[in-house]
Every structure is written in structure tokens, then in C-alpha cells.
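The block underneath contains the structure these notes are about, expressed in C-alpha cells.
Reminder, nothing fancy here: chain letters follow the sequence lines and each chain counts from 1.
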Protein chains: 2
Amino acid sequence: MRYRRDDVVARAIEVLDAHGLAALSMRRLAGDLGVQAGALYHHFTNKDALLAAIADEILRRGRRPAEIMAWDAELHLLCLGLRDAMRRHRDGAALIAHVHRADAEALERPLRAALERAGADADLARVGARTLLRLVLAHEDADDADFALGLGLLLDGLRARLG
Amino acid sequence: MRYRRDDVVARAIEVLDAHGLAALSMRRLAGDLGVQAGALYHHFTNKDALLAAIADEILRRGRRPAEIMAWDAELHLLCLGLRDAMRRHRDGAALIAHVHRADAEALERPLRAALERAGADADLARVGARTLLRLVLAHEDADDADFALGLGLLLDGLRARLG
DNA sequence: ACCTGAACACCGTTCAAGT
DNA sequence: ACCTGAACACCGTTCAAGT
């Protein structure tokens, strides 16, 4: 069989959903595709690059069109969207958290941008974005009420600084 | 050579500090001690148990005597203590975060207790403790000003609910 | 109580060579 | 462009047997 990069990502997401992140090894995925493990290195420079591509695809699928709204409502919606996207897949939060360690920038950018539009300075925008993102990643297993409570705590803190 | 459990933990912390969490394998640690890898399973049921013992020891070393103070000052101090303890070791935050995944309870308890003493109900105490802990783990690499800012955000949110 | 020796069932990664 | 075959240098874990 011959595959393109996107085929490999799609199959990797299937393995993830069916067997979890711990089972998603290069060898296992290759075996699933019916190719040798080394063949995957034609598509990705290493495993982290594959995981990043999976995270990209998961987040792309969960992306919704931007709307014009108040900054706190926007942050709320961004966090909910992120939470929904990652909860659609087994070990989604663990995967996103792993990728976030290597590239914090990409995930935090939309949150930071919303904070800056609300008048936050660079420091507050950066820290606020990071803290919100960590909150989302930390509460994957929490129910919606717990998540809303944690998010409310943080948004209150931000409101106290941004009016 | 013959070792006791505590010797192994102490040496593991040395390996951690010198070479990082990724290099801290059972085989490597055993080699460093001059024993076979299998010998470690006399002291720990598995690698996670070893990592938990390391985390315990790191946090034990960082523990300070309890003082009587306002709940928000106490939370502030607990978070600072946790941050200091884990920053004393290479990959300290990653190690604590890993152990926290398996046993969230132990690390969150003191934070939750402080929140309950402040009048928080069970939900707010649980979510507040978890969010604070995640904040500490998330900002290992941040400078003190960024950390203080993130912590301030959250404490403001808590103050708004607890008076 | 603590360790050896040896095995089992895995990993990620590289690379010359093939089509 | 994509894959094979085979190797390299590792993992965590188990367990009978030794002292």
C-alpha cells in the first residue's frame, strides 16, 4: 500500500480513538497501515512531528468561524471549543498537552489575541492565555459544571483587571 | 552493592538533576547503582512507584512548618513552596505533573483544605485546588513576575467568591 | 533482604536499496 | 514519491535461582 501524509494522520487518529495514546507507537501505526515502521519517516521527521500533525487535525476539525462579541464571551467560547475538540478523542487532552510543551505559541495565540483586543498588556495577555489553556487541559475529565466553575474563577480575575 | 529503598530514591534524584527525566530509566538508574535492572523491582513495584517516591521526597524536602494566617496568604505560600520545591530539580515540574496524573488527591489536599477553611463548598474547594496546582505546574519555566501574575488572577477570582 | 542472569515483548530512528 | 529489510541502541518487566 502507498499512503500520503494525510492518510497516515487519519489512521493515527483512528488508532488513538480505539486504543489510546500509549498504544500509538510508530511501529504499531505502521503495522496497522501494513507498512514497515521506517516508512513513516518518509512522512514525518519524528514521532513528535506526527503527534503535532494529529493535534493540528483534531483542532482544525473543531474550529468554528469567528464571531464578533465581548472579549470575555470570546475567551469563554474559545476555551469551550478547545475543550470540545480535545474531548472528541481518547486521550485528547494528553495529546494536546504534549504538543503544547513543544509549541506553546500556536495554541495560545488566539487566546492571547483576544486578551490584547480587550486591552491587556503583553504580560497579562501571555500569562492569561497560558493559564486559560492549562485550565482547559487540566479539566478534561471534569464534568461541565466543574469546568465552568474553574473558567469562571479565571475570567473573574481577568475582569477585575480589564474592566 | 546492596541498597535500601531510600538509597535508590536518593540516587534517582541525582540522576534526575544531572541528566533529566528522559534519561531516568530503570536500566540507567540500575547501571548507575551497579546492579541489574531487575533488582530495582525489589524496592518498587514499577517505575511509576519509583517516580512517586521521588516526588514524595522532593516535596518532603521542600515542606515548611504550618503557620496561622489568612486563607489567601496561606494559598499563596503553599503555591510558592510547591513551586520552589519542584524548581530545585531538573524537570521537577514534569515529574510532579506525571505523579499528579496518577494521584491528584495527595497534592491537592492541602490547597483544598485551606479553601474549605475559608468557607468554600466542596465543589469550589476541589476546582480551586486543582486549578491552582495546574497553575504552579504550568509556570515552572516562567519568571517570578509571570507566576505572581497568574497566581494573582486566580486568587482574585477566589476572593470574589469567598470575600 | 537483596541481587543475578536471562529472557520476553516491546520502543524510536536510520539508511542503503528497491519500485 | 514511497516503501522494504535490517540493523542500532535502547525500553519496562518478570522470575527462577543465588547469597
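With salt bridges taken as basic N to acidic carboxylate O contacts below 4.0 Å, none links B/Asp84 and B/Arg87. Salt-bridge check for A/Glu74 with A/Arg117: passed, with a basic side-chain N closer than 4.0 Å to an acidic carboxylate O. A salt bridge between B/Glu108 and B/Arg134 is absent, with no side-chain N of the basic residue lying under 4.0 Å from a carboxylate O of the acidic one.
Atom-to-atom, CG of B/Leu33 to P of C/dT4 comes out at 10 Å; the value is rounded to the nearest Å. For B/Leu40 and D/dG12, the CG to P distance is 10 Å, given to the nearest whole Å. One interatomic measurement links the two molecules: NE2 of B/His42 to C1' of C/dG5, which rounds to 17 Å at whole-angstrom precision. Following rounding to the nearest Å, A/Gln36 (CD) and C/dT13 (C1') show an atom-to-atom distance of 14 Å. If you take CZ of A/Arg4 and C1' of D/dA1, they are 12 Å apart, rounded to a whole angstrom. At whole-Å resolution of the value, OH in A/Tyr3 and C1' in D/dC3 are 11 Å apart.
The shortest distance between the side-chain N/O atoms of A/His43 and the OP1/OP2 oxygens of D/dA1 is not below 4.0 Å.
Between A/Leu77 atom CG and A/Asp72 atom CG the span is 11.5 Å, to the nearest 0.5 Å. A/Leu111 CG to A/Leu82 CG: the interatomic distance, rounded to the nearest 0.5 Å, is 7.0 Å.
Side chain of A/Asp7 to backbone of A/Arg4: a donor-acceptor contact under 3.5 angstrom is found. Using a distance-only test at 3.5 Å, with no hydrogens or angles considered, a donor-acceptor pair links the side chain of B/Asp91 to the main chain of B/Leu21. The backbone N or O of A/Ala53 sits nowhere less than 3.5 Å from a side-chain atom of A/Arg5 that would complete a donor-acceptor pair.
Under the 4.5 Å side-chain heavy-atom criterion for ILVMFWY residues, no single connected hydrophobic cluster contains both A/Leu107 and A/Leu51.
A distance of about 22 Å separates the P atoms of D/dA17 and C/dC2, rounded to the whole Å.
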Heteroatom pairs (N/O) under 3.5 angstrom, protein to nucleotides 8-11 of chain D:
{"residue": "D/dC11", "atom": "OP1", "partner": "B/Ser25", "partner atom": "OG", "Å": "3.0"}
{"residue": "D/dC11", "atom": "N4", "partner": "B/Arg27", "partner atom": "NH2", "Å": "3.4"}

Table of protein N/O atoms under 3.5 Å from nucleotides 15-19 of chain D N/O atoms:
none

Quick one: do B/Ile96 and B/Glu140 satisfy side chain to side chain contact (heavy atoms under 4.5 Å, CB included)? Show the steps, please.
-> CA-CA 11 Å; B/Ile96 305 288; B/Glu140 180 194 31; over 6 Å; no
Could you go step by step and tell me if A/Arg101 and A/Asp48 meet the side chain to side chain contact (heavy atoms under 4.5 Å, CB included) rule?
-> CA-CA 11 Å; A/Arg101 253 163 252 145; A/Asp48 272 353; over 6 Å; no
Parsed dot-bracket for DNA chain C after applying the Watson-Crick and G-U rules with both distances under 3.5 Å and | for other-strand partners is ||.|||||...|||||.||
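Contacts of B/Gly34 with the nucleic acid, taken as non-hydrogen atoms under 4.0 Å apart, involve only primed sugar atoms and P, OP1 or OP2.
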